[in-house]
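Note on naming: letters A, B, ... go to the chains in the order of the sequence lines (proteins, then strands), and numbering restarts at 1 for each one. The basis for the numbers below is simple: all heavy atoms, side chains too, and nothing from hydrogens, waters or symmetry mates.
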Protein chains: 2
Amino acid sequence: MQAAAPARTRDLVRLLETDIHLGRLGAGSWLRQIDLEAAYNATRLDIRQALDRLVEKRLVRHIARRGYQVEDFDPARVAQVMETRAVLEVAAAALVIDRLDDAALATMQLHAEAFARALEAGTVEDQEAANIAFHTTMLAPCPNREMVDLLFDLRARVPAAVIRRRNTMDLLRRGADHHFAIIRLVRARDLPALQQVMREHNLSPGAP
Amino acid sequence: MQAAAPARTRDLVRLLETDIHLGRLGAGSWLRQIDLEAAYNATRLDIRQALDRLVEKRLVRHIARRGYQVEDFDPARVAQVMETRAVLEVAAAALVIDRLDDAALATMQLHAEAFARALEAGTVEDQEAANIAFHTTMLAPCPNREMVDLLFDLRARVPAAVIRRRNTMDLLRRGADHHFAIIRLVRARDLPALQQVMREHNLSPGAP
DNA sequence: GGCATCAAAATTGGCGCCAATCCAGAAGGA
DNA sequence: TCCTTCTGGATTGGCGCCAATTTTGATGCC
């Protein structure tokens with residue numbers, strides 16, 4: 001919720017998305033256009049357009065003549081999104097396992113370590129950044145860009161704040177371990193085992 | 001491109017989507033706001049909102065101060081979308097194979113026959129309707145609604161007109177045969193064979 | 001005859017105003 | 001004291017106007 005230079009629709013979508021994603025805007029919060037106008041230093045029209053786009057993405061609910069509020073995420077839907085993500089990640093794994101070179105694996109190693117460190121001594125924001133960086137690097141050589149875009153889109157559909165809520169430190173550490181296992185299995189070109197870990201990584205209750 | 005009762009944003013999106021999907025608006029066509037305003041009997045604001053939403057869906061391209069035009073779809077991207085669709089359809093098959101009862105299979109049979117008939121003596125529109133009906137019926141008992149929504153979303157990402165272009169009658173008939181094979185394999189509860197057919201059905205150059 | 005230049009028309013795109021609607025709090029009655 | 005009704009304030013949401021920019025068509029020059 002920072003004020004900044006005048007923001008256009010696309011920026012607004014990203015800013016609001018981030019605020020929802022990290023839980024700065026909790027489920028049920030009312031998003032008053034006037035407040036947002038001031039908070040983000042944007043015009044009414046841009047605000048409205050951004051909100052409509054978030055409604056389309058089902059992160060925000062719109063009630064006629066009442067306003068916009070952050071959608072609440074029932075566990076069933078979260079599970080469905082994660083199952084879908086798992087299916088696609090497993091498919092993507094097959095597409096990248098032979099395309100990840102040593103340089104890419106080294107970068108992944110850095111991000112995996114950064115994630116593990118952020119778990120112990122960083123903010124949720126830091127964790128998210130490191131985690132996204134890890135998966136971005138892993139999916140970079142995937143020839144199917146549509147699939148990759150879709151995966152990140154699915155990631156954005158469920159706020160990290162919602163997932164992390166019922167997440168023990170133990171589960172998070174297991175997620176960190178998955179990262180290292182993934183690197184090892186890619187290096188060994190062991191697709192079945194890799195896919196098994198990818199699936200588990202995406203389906204665990206608090207999947208990073 | 002029919003004129004009708006005043007249309008709101010959501011209707012406009014659907015109408016434009018259909019027009020693009022069926023090829024009434026070909027790739028590269030300019031979508032002038034004034035024309036659309038008149039053609040669909042809508043306000044400028046609704047038109048613009050609908051167009052922006054189509055840009056988001058990547059069916060339409062926007063050039064600043066030039067206007068909106070129908071996106072052209074390069075074969076590589078089409079292939080990627082279809083590959084992604086195939087992955088999800090295969091996953092969905094596992095979720096519905098034990099949930100499709102005799103009534104559902106009978107309905108699917110009707111739609112499969114309708115599709116086969118439309119191939120021989122119907123319009124592209126008829127074919128699309130029958131095909132969508134077949135797949136809708138098949139996915140109806142899928143407990144993962146997010147996955148189903150995503151599948152239909154992917155379907156909308158590549159206009160039928162683009163796919164059908166490089167589609168021989170032979171390929172289309174093979175698609176019709178797939179429908180009957182799918183029904184038979186669901187009835188036999190033969191998941192591996194079903195998934196094989198689903199994959200082929202989605203990947204064939206002119207996948208219905 | 002072809003090409004560059006220029007002006008007029010058309011189109012896009014943004015901003016502000018104002019009506020319609022809803023919520024909160026005060027006033028009145030049981 | 002609690003419930004109902006009413007009024008004032010605030011918010012949403014739609015419509016229209018106008019500036020900025022591009023395109024088209026005409027004109028003049030090479």
Answer with yes or no whether the side chains of [Y] and [X] bring together a donor and an acceptor at under 3.5 Å.
X	Y	value
A/Y68	A/D52	yes
B/Y40	B/D19	yes
A/R44	A/Q33	yes

Salt bridge or not for [X] and [Y], using N-O below 4.0 Å?
X	Y	result
A/E200	A/R174	no
A/E71	A/R77	no
B/R53	A/E56	yes

Rounded distance in Å - CZ (A/R32) to P (D/dA10): 11 Å
Spacing between B/Q33 atom CD and D/dT21 atom C1', to the nearest angstrom: 13 Å
Partners passing ring-ring contact (aromatic ring centres under 6.0 Å, His included) against B/H135 (at least two apart in sequence or in another chain): B/H179, B/H201
Sugar-phosphate, base or nothing in reach of B/R48, heavy atoms under 4.0 Å: base
Nucleotides bounding contact with chain A, strand DNA chain C, heavy-atom threshold 4.0 Å: C/dC15 to C/dC23
For DNA chain C, the residues among residues 56-67 of chain A that have a non-hydrogen atom under 4.0 Å from it: A/R65, A/R66
Side chain proximity check, A/L194 to A/M198, heavy atoms < 4.5 angstrom: yes
Given DNA chain C, 5'-ward residue of the pair B/I34 and B/L45, judged by closest heavy atom: B/I34
